[in-house]
Amino acid sequence: MVICPRCGQPSLYAPSNPARPFCSMRCKDVDFGAWANEEYRVPDESAPLADDDAEAN
Ligand SMILES: [Zn+2]
């Protein structure tokens, strides 16, 4: 048994829990989304903005 890093509830740390160390997939998704959003925000500035037109052709 471990503590879910997201909500602090006891969570089962075993292969039967695909969301471990989180207590549920919901908690895992929330945590993943949080850091994933931050990751994707970093290269946003260097991404070309007016490249969509060339690709559509
Ligand atoms: Zn949780």
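Remember, it's 1-based here, ligands and their atoms both numbered in the order they're listed. Remember, predicted model here, so these are calculated numbers, not experimental data.
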Separation between [atom1] of [X] and [atom2] of [Y], rounded to the nearest 0.5 Å:
X   : Y   : atom1 : atom2 : result
C4  : N17 : SG    : CG    : 9.0 Å
K28 : R20 : NZ    : CZ    : 8.0 Å
R6  : D29 : CZ    : CG    : 11.5 Å

Under a single-linkage rule joining Ile, Leu, Val, Met, Phe, Trp and Tyr whose side-chain heavy atoms are separated by less than 4.5 Å, which residues share a cluster with M25?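 For M25, no cluster forms, as it stays isolated from other hydrophobic side chains.
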
Restricting to distances shorter than 2.8 Å, give the number of protein N, O or S atoms close to the Zn ion (ligand 1).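 Protein N, O or S neighbours of the Zn ion (ligand 1) under 2.8 Å, waters not counted, come to 4.
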
Donor-acceptor check, side chain of S11 to backbone of I3, threshold 3.5 angstrom: yes or no?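 No.
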
Any side-chain heavy atom of P5 within less than 4.5 Å of one from P21?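 A side-chain contact under 4.5 Å exists here.
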
